[in-house]
Every structure is written in C-alpha cells, then in structure tokens.
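Computed from a prediction, not measured in an experiment: that's the story for all the values here. In listed order, ligands and their atoms are each counted from 1.
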Amino acid sequence: MTLNIGVIGTGAIGREHIRRCSQVLQNARVVALNDINRANCEQVVNELGLKAEIYDNAHDLINSPEVQAILVTSWGPTHEEFVLAAIKAGKAVFCEKPLAVTAQGCMNIVEAEIAAGKKLVQVGFMRPYDSGYRALKTLIDSGEIGEPLMLHCAHRNPEVGDSYTTDMAITDTLIHELDVLRWLLQDDYKSAQVIYPRKTRKASSHLKDPQIVLLETVKGVRIDVEIFVNCEYGYDIQCQVVGESGVANLPEPMSIQTRSAAKLSTGILTDWKKRFIDAYDVELQDFINNVLSGNMTGPSAWDGYAAAVAADACVVAQNNGEIVPITMPARPAFYH
Ligand code: NAP
C-alpha cells in the first residue's frame with residue numbers, strides 16, 4: 001500500500017523530506033503541496049518532476065480526500081494551527097520541530113490528540129533514529145558503564161546568519177539535545193541554568209555565543225551542553241556519558257582517515273543535513289510504516305511538549321542567570 005502525503009512548507013527541510021519521500025523511502029508518494037509562496041511549490045514540482053497538486057490554502061490540503069497523511073515543514077509559528085487541523089481531520093501528521101512555539105501550544109495539541117482518542121502526531125526529532133545515539137543508548141541500557149552520572153555534550157555549528165538570536169540557541173539548537181537526552185536517559189529535567197563564557201569575536205553584536213546550559217534531571221544526572229554556533233571549523237555534535245564504572249562517547253560520523261603531507265587526518269562535516277541524513281530517512285520511513293500499520297511509535301506530541309517545557313525554562317535561565325526549576329506534569333496514560 002502507498003501512503004499519499006501532503007506537505008505544507010516547501011523550504012529547506014520541506015524539500016529534503018519531499019525528495020526522500022519521492023526518491024528514497026518506500027510506500028509513500030507526495031501528492032499535494034502548499035507553501036505561503038506558491039512559487040516555492042512550483043520549483044519543487046519542476047526540480048523533482050513531481051505529480052503533485054499545489055494548494056493555495058493549507059487547510060484545503062489537509063482536508064483533501066486525496067491526502068492521507070500530512071508533513072508540516074513550514075515556519076515554526078504555523079505548526080500548532082496545522083497540526084490541530086490535521087488532528088481534527090483525523091489524519092496522521094509528521095510535524096518538524098518545534099511542535100508549537102510555546103509549551104501551552106504543545107499542550108493544546110496533546111489535549112486534542114487525547115480527545116481524538118488516537119495517536120496521530122509524530123514530531124520531527126530525528127536524533128533518536130541516529131545509529132550513533134541508538135548504539136549509545138544500547139550501551140547505557142546494557143549496564144556496562146553503570147548508572148549514568150554526568151553528561152558532557154556539545155552542539156557546534158560553523159556559523160549562523162544575522163537573524164539568529166540568543167534565545168534561538170535554545171529553541172532552535174538545544175531543542176534537539178533536550179529531546180534526545182531525555183530519551184537516552186529515560187529521565188525528565190528538574191532544573192536549568194545558562195552561563196556565558198567569553199564571547200567569540202565571530203558572533204554578531206546582538207548574539208551571545210557560546211553558551212553553556214547546565215541541566216539536572218529528576219534522577220540527579222548533571223548535564224552540561226555547550227552551544228557554540230559560530231565555531232567556524234564544522235558541524236560537530238558531541239555526547240559523552242560518564243557512568244559509575246565507565247565512560248561512553250557518541251560515535252563520530254564515518255569519515256575516511258588520510259595520511260598525507262606529514263599529517264594523519266579525518267574530515268569533520270560542516271552541513272547539518274549530512275550529519276543526520278540517515279536519521280532523517282529512518283524517522284520518516286518509520287512515520288510512513290506506522291501510519292500504514294496504525295501504530296504510531298515515534299517521538300510523540302508529549303515528547304514535543306516535554307522539550308518545550310524544558311526550552312521555556314532554559315530561555316528564562318538565559319535571561320535571569322538563575323537556576324530555574326522545570327516542572328513536568330505526570331505523563332498521561334495515553335502516552336505510556
Ligand atoms: P524555511 O527554509 O524558511 O522553510 C519554511 C517554508 O515554509 C518556507 O517556504 C516558507 O515560505 C513557508 N511558510 C511560512 N509560513 C507558511 C504558511 N503560513 N503556510 C505555508 N507555508 C509557509 O525553513 P526550514 O529551515 O525548512 O525550517 C522549517 C521548519 O523545520 C522549522 O520549524 C525548523 O525549525 C524545522 N527544521 C528542523 C530541522 C531538524 O533537524 N529536524 C532542520 C531544519 C529545520 P517563505 O519562505 O515565503 O516564508
């Protein structure tokens with residue numbers, strides 16, 4: 001069986017997902033597109049040779065009988081409206097992060113999904129699908145390094161544009177760690193603090209870069225995450241877990257080692273799309289398979305909400321310099 005997908009938002013990640021649904025993944029085809037800028041859809045149709053209908057209104061796409069499932073890859077502030085509309089239409093929806101721009105917005109989606117009585121939402125948190133993170137989780141779960149005590153993490157980008165603001169270090173960048181570390185440790189966050197090291201001269205005048213986020217989990221694990229978005233040298237994701245009896249590191253991405261000009265070297269990626277390209281493929285194939293089998297198992301609306309609650313606290317901590325408590329309500333039975 002082939003799943004007919006409608007895509008809202010044909011910008012950078014939207015195009016990537018349309019390409020993978022059309023050329024890489026199985027049992028899916030993109031039959032409908034919408035973007036606030038129709039020319040973006042026309043360009044994608046031409047570039048990929050798609051046979052997809054272009055809708056001028058996202059709600060018409062959602063409600064079209066031709067569309068069985070929806071990908072929301074538009075600008076973040078539009079996500080809540082489109083996900084709620086998909087739930088109302090009874091259709092499965094894959095929503096890129098953030099699920100909504102506020103925790104309350106995510107909660108509105110959680111409540112709508114529970115009221116619908118069926119899991120319909122998968123959030124585009126792809127790191128739990130990354131083979132490196134999966135290997136790290138398998139190692140932790142095996143007990144080989146004992147209980148995790150501390151995590152040292154880094155999220156570094158070569159550079160960001162002028163429109164990138166200090167709070168985006170949390171809402172756009174750290175949000176991936178907030179999701180994947182919760183999944184890795186099977187734990188929730190209890191508090192957050194943000195401290196600012198000496199600022200790099202490479203950052204724009206309005207941006208505080210780098211930043212260090214200090215998190216504490218309910219089980220007492222201490223996590224430090226360095227966010228450094230103008231590090232110049234590459235797109236570099238690090239995660240080290242210190243346990244009671246050993247230390248485990250997230251594997252480095254595969255890279256050819258060369259001996260040349262009196263140097264032993266391996267490359268470092270610079271493009272985020274390449275770092276997690278396999279994980280994006282696996283997460284979307286999982287969505288397609290789960291919609292077809294009627295059993296949604298990927299990152300849920302509750303995971304989107306949990307990340308948003310922690311992100312809100314981190315943004316407060318950015319501004320007040322204090323240790324900010326994070327209070328997560330009990331997970332509803334619907335999401336167990
Ligand atoms: P982008 O290149 O700006 O694309 C967003 C697209 O949505 C643009 O074509 C934009 O049109 C369109 N759009 C805006 N408002 C709309 C509306 N009301 N209805 C329909 N379309 C609308 O951004 P992006 O980098 O693809 O990011 C999109 C989302 O994916 C963001 O939430 C981002 O955080 C997320 N993302 C996730 C990852 C990941 O690793 N999981 C990576 C990248 C992005 P205009 O350009 O004309 O405004």
Side-chain angles (χ1 to χ4, degrees), residues 6-21 30 32-45 47 52-64 67 70-86 93-102 105-106 109 121-130 133 155-157 160-161 163-165 167-180 183 227 229 235 237 253 269-284 286-287 298-299 303-304 307-308 311:
V7 181
I8 303 172
T10 53
I13 194 109
R15 286 170 198 218
E16 277 292 298
H17 286 341
I18 293 165
R19 177 194 58 77
R20 47 176 62 87
C21 287
V30 175
L33 300 176
N34 163 265
D35 193 285
I36 199 160
N37 182 355
R38 187 182 171 95
N40 286 344
C41 297
E42 287 164 354
Q43 200 182 352
V44 177
V45 164
E47 272 172 19
E53 188 170 343
I54 299 175
Y55 288 76
D56 288 324
N57 183 306
H59 290 273
D60 290 344
L61 176 148
I62 292 168
N63 292 310
S64 164
V67 172
I70 292 127
L71 302 193
V72 177
T73 49
S74 48
W75 188 43
T78 62
H79 291 183
E80 180 183 349
E81 174 192 336
F82 297 146
V83 173
L84 286 173
V93 53
F94 175 96
C95 179
E96 263 308 334
K97 60 86 184 164
L99 179 60
V101 288
T102 61
C106 295
I109 291 170
V121 180
Q122 178 171 330
V123 183
F125 286 133
M126 73 297 181
R127 289 205 197 171
Y129 291 98
D130 174 65
Y133 275 109
H155 189 145
R156 304 192 188 110
N157 296 55
V160 290
S163 58
Y164 189 98
T165 51
D167 60 323
M168 285 168 74
I170 305 296
T171 55
D172 259 44
T173 302
L174 181 79
I175 194 84
H176 284 294
E177 270 76 18
L178 290 174
D179 174 67
V180 78
W183 167 84
I227 307 160
V229 294
Y235 182 72
I237 303 298
L269 292 170
T270 53
D271 185 348
W272 56 267
K273 287 192 207 105
K274 290 192 179 147
R275 172 64 180 85
F276 289 109
I277 194 161
D278 295 337
Y280 289 122
D281 288 349
V282 183
E283 71 165 353
L284 262 187
D286 194 46
F287 173 72
D303 295 320

(Q) Taking side-chain contact (heavy atoms from CB on, under 4.5 Å) as the definition, give me every residue that meets it alongside A169, ordered by chain and number, with sequence neighbours left out. (A) Y164, Q211, I227, Q318

Q) Once the angle between the rings of F125 and H176 is folded into 0 to 90°, is it parallel (under 30°), tilted (30 to 60°) or perpendicular (over 60°)? A) perpendicular

Q: Apply side-chain hydrogen bond (donor to acceptor under 3.5 Å, both in side chains) to the pair T10 and N40, showing each step before the final yes or no.
A: CA-CA 6 Å; T10 53; N40 286 344; 4.6 Å; no

Q. Below 4.5 Å, heavy atoms only, C-beta onward: do D286 and Y129 meet side chain to side chain?
A. yes

Q: May I ask you to check whether F94 and H17 place their ring centers less than 6.0 Å from one another?
A: yes

Q: Would you check ligand 1 and list the protein residues that come within less than 4.0 Å of it by any heavy atom, ordered by chain and number?
A: I8, G9, T10, G11, A12, I13, N34, D35, I36, N37, N40, T73, S74, W75, G76, T78, H79, F82, E96, K97, P98, G124, M126, H176, W272, Y280

Q: Taking the side chain as every heavy atom from C-beta outward, state whether I237 and R127 have any atom pair closer than 4.5 Å.
A: yes

